[in-house]
Amino acid sequence: MKYRFIPHYTEEEIKEIQIQGLKNTIKHAYNGSEFYKQRLKDAGITPEDIRSLDDLKYLPFTTADDLRENYPFPFLSVPQKDVVRIHSSSGTTGKRKVLAYTQNDIETWKNMMARCFELAGLNEEDRVQIAVGYGLWTAGVGFQLGCEHFGAMALPLGPGNLKMHLQFLLDLRPTCLCSTASMALLLAEEVQKLGLNPDEISLKKALFGAEPHTPKMRKRVEEILGLEHTFDIPGMTELYGPGTGLECMAHMGIHYWADIFILEIINPETLEPVSDGEIGEMVVTTLKKEASPLIRYRTRDLSRKIPGVCPCGLKMPRHDKILGRSDDMFIFRGVNIYPGTIAEVLEKFKEISSEYQIILTRKNGVDHMLLKVERSKGVSKDIDANLAKEISNALRKQLLVRVEVEIVDLGKLPRTFGKSKRVIDERED
Ligand code: ADP
Ligand code: ZN
């Protein structure tokens, strides 16, 4: 396969780029930012100490707290006159993060996103309906920049406004949708409600980012909209924005742009790298970023590297889907629980939809977990009691805690244009 935007590096070439990029980044950050200079000095490191990729492990970690403490221009490593834009995170957890970009940073990002459209198999004839947030967020503008640079047609609708989305689906016939999986589900259910069939719209592909989604959720959207492929697209504001990689058509993990950042997976407790293929926290170090470089930045996102070569032939390494954030974890009766684990258990039950909500309460000092799920289309209410019991048993087996399960009608749980909120914690501290 010949690509226009995705470079055909061999593993050795990627390594060489990473070593060079790491040296440059450390020198740049050390000389450009007081924060980094101090942090590196505290760790006893000068830029000359970095000679190989092995030296990465001597570098200090950085965290979201460092970003917040140095608000509003954390990690800034260039004079302010070189900053051409800022973006801010959606602030899902804690205080807003502000990140700065030079023109070169924007160019790098634009190229990363164009690679994503290329890997998804789009071409210049494609029309791309962009249904993610515009403005301060990186999402809308990231997809837009990449789409234009790639040469496809961008339809910059943003999230929300279902009526306009439906009108565009029918009139402008977009072939690709970019959104959260939650927004896609909302749109698909609307298409279904209106009784439209996939032939009346031309969507063939969708890129889902910003939040984890389950295979069930994806399948439902694919079926209703008649999609050929859907792709998981990761990204984060700290690392330019969306498009740090993309699933390829083999759908066996996410190829990430290893010539633009180094990915390490660490054990969040010991802070040591895990062995290849094991799950841990993603830690990223940028190789080209000018305005706000990242040195061993702890993303709090959990995933694993996928060893071996992808059947698609692309040598860019792969990581698994983002399994969740360590911040998502909640403690229930002394047990650490990730919503993703609950989603995995639910995945096996065909009688329920992809949506779920976890409500935590505390009565007389005792924690209580209520899980709401939706009955799938065509499933009778008569089986509710049995089904609830079965789900509760499966969860108990997996999590070792008791969960009360309530089954509600399809479409009764909240839908959202953006990131879904799965856990409602009503316990006081
Ligand atoms: P925040 O949500 O922290 O305010 P961002 O808007 O920058 O910040 O979102 C980045 C975060 O969104 C990532 O760290 C990750 O937790 C989540 N995320 C982004 N893309 C995906 C994806 N494809 N799958 C799962 N989670 C994702
Ligand atoms: Zn591949």
Side-chain angles (χ1 to χ4, degrees), residues 1 3 6 8 63-65 67-68 86-99 109 113 115-116 118-121 132-143 159 178-184 206-215 217-218 229-258 263 281-284 292 294 297-303 306 308-329 338-340 343 416 418-422:
M1 179 88 190
Y3 290 117
I6 302 169
H8 280 269
T63 64
D65 287 341
L67 283 174
R68 294 187 182 113
I86 62 114
H87 277 293
S88 176
S89 81
S90 46
T92 310
T93 52
K95 190 172 173 180
R96 199 176 288 297
K97 307 163 198 164
V98 177
L99 277 299
W109 182 22
M113 274 301 313
R115 291 179 185 186
C116 293
E118 184 164 54
L119 196 57
V132 290
Y134 277 81
L136 260 183
W137 323 141
T138 52
V141 73
F143 279 104
C178 302
S179 68
T180 60
S182 300
M183 167 70 191
L207 273 57
F208 296 149
E211 59 171 5
H213 60 271
T214 58
M217 199 167 177
R218 219 191 233 211
H229 283 280
T230 51
F231 303 90
D232 193 352
I233 181 164
M236 62 192 309
T237 313
E238 294 91 317
L239 198 48
Y240 301 94
T244 53
L246 193 86
E247 210 178 298
C248 66
M249 288 208 224
H251 301 292
M252 293 173 75
I254 293 162
H255 290 280
Y256 65 91
W257 313 128
L263 173 68
E281 179 179 341
M282 302 168 87
V283 170
V284 292
S292 315
L294 304 177
Y297 181 72
R298 294 185 56 182
T299 66
R300 308 243 160 224
D301 288 330
L302 304 168
S303 188
I306 300 181
V309 180
C310 183
C312 82
L314 187 63
K315 296 281 172 4
M316 283 287 173
R318 288 171 298 160
H319 66 71
D320 205 344
K321 64 180 179 185
I322 297 174
L323 302 163
R325 307 172 166 223
S326 51
D327 307 323
D328 289 343
M329 192 199 77
Y338 286 100
T416 167
K419 305 191 192 211
S420 282
K421 189 169 164 43
R422 306 281 184 193

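For ligands, and for the atoms within them, numbers begin at 1 and follow the listed sequence. Here, residue 1 is the first one in the sequence, and each next residue gets the next number. Keep in mind that the numbers below use all heavy atoms, side chains included, and drop hydrogens, waters and symmetry copies.
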Please check if atom CE in M249 has more than 12 non-hydrogen atoms from other residues, nucleotides or ligands closer than 6.0 Å.
yes

Could you check L246 against R115 for side-chain contact (heavy atoms from CB on, under 4.5 Å), going step by step and ending with a plain yes or no?
CA-CA 9 Å; L246 193 86; R115 291 179 185 186; over 6 Å; no

Work out which heavy atom in S88 is nearest to a heavy atom in T237; give both atom names and the distance.
C-CG2, 3.9 Å

Ligand 1 to I322 polar contact by distance, N or O atoms, under 3.5 Å:
no

So, taking the atom named NE2 in H213 and the one named OG1 in T180, what distance separates them when rounded to the nearest 0.5 Å?
10.5 Å

Under 4.0 Å from any heavy atom of T237, which atoms of ligand 1 are there?
5 (P), 6 (O), 7 (O)

Which of the N/O/S atoms in H255 sits closest to the Zn ion (ligand 2)?
NE2

Could you tell me, atom by atom, which parts of ligand 1 come under 4.0 Å of a heavy atom of S89?
4 (O), 8 (O)

Which ligand 1 atoms does D232 reach within 4.0 Å, using its non-hydrogen atoms?
22 (C), 23 (N), 24 (N)

Ligand-side contact atoms (ligand 1) for residue partner G235, heavy atom cut-off under 4.0 Å
10 (C), 13 (C), 19 (C), 20 (N)

Test item: P242 and M113 side chains (from C-beta on) under 4.5 Å apart, heavy atoms
yes

My understanding is that we take every heavy atom of each candidate and find the minimum distance to atom 18 (N) of ligand 1. Doing that for A210, G133, S88, which one comes out nearest?
A210

Heavy-atom contact under 4.0 Å between T299 and ligand 1?
no

Where the Zn ion (ligand 2) is the corner point, what angle links SG of C312 with SG of C248, to 10°?
110°

Is it the side chain, the backbone, both or neither of P212 that has a heavy atom closer than 4.0 Å to ligand 1?
both

Could you walk me through whether Y256 and M282 pass the side-chain contact (heavy atoms from CB on, under 4.5 Å) test, one step at a time?
CA-CA 12 Å; Y256 65 91; M282 302 168 87; over 6 Å; no

Under-4.0 Å heavy-atom contact with ligand 1, by part of R325 that carries it:
side chain

Roughly how far, to the nearest 0.5 Å, is the NE2 atom of H319 from the CG atom of L302?
12.5 Å

In ligand 1, the atoms that come under 4.0 Å of a heavy atom of P234 are 20 (N), 23 (N)

Would you confirm whether S182, through its side chain, and K419, through its main-chain N or O, come within 3.5 Å as a donor-acceptor pair?
no

With a 4.0 Å cut-off on heavy atoms, is K321 in contact with ligand 1?
no

Under 3.5 Å, side chain of W137 to main-chain N/O of V132, donor-acceptor pair present?
no

Show the atoms of ligand 1 that are less than 4.0 angstrom away from any heavy atom in K97.
3 (O)

Is the shortest N/O to N/O distance between G209 and ligand 1 below 3.5 Å?
no

Minimum-distance pair of heavy atoms, taken over all atoms of R318 and G308
NH2-O, 3.4 Å

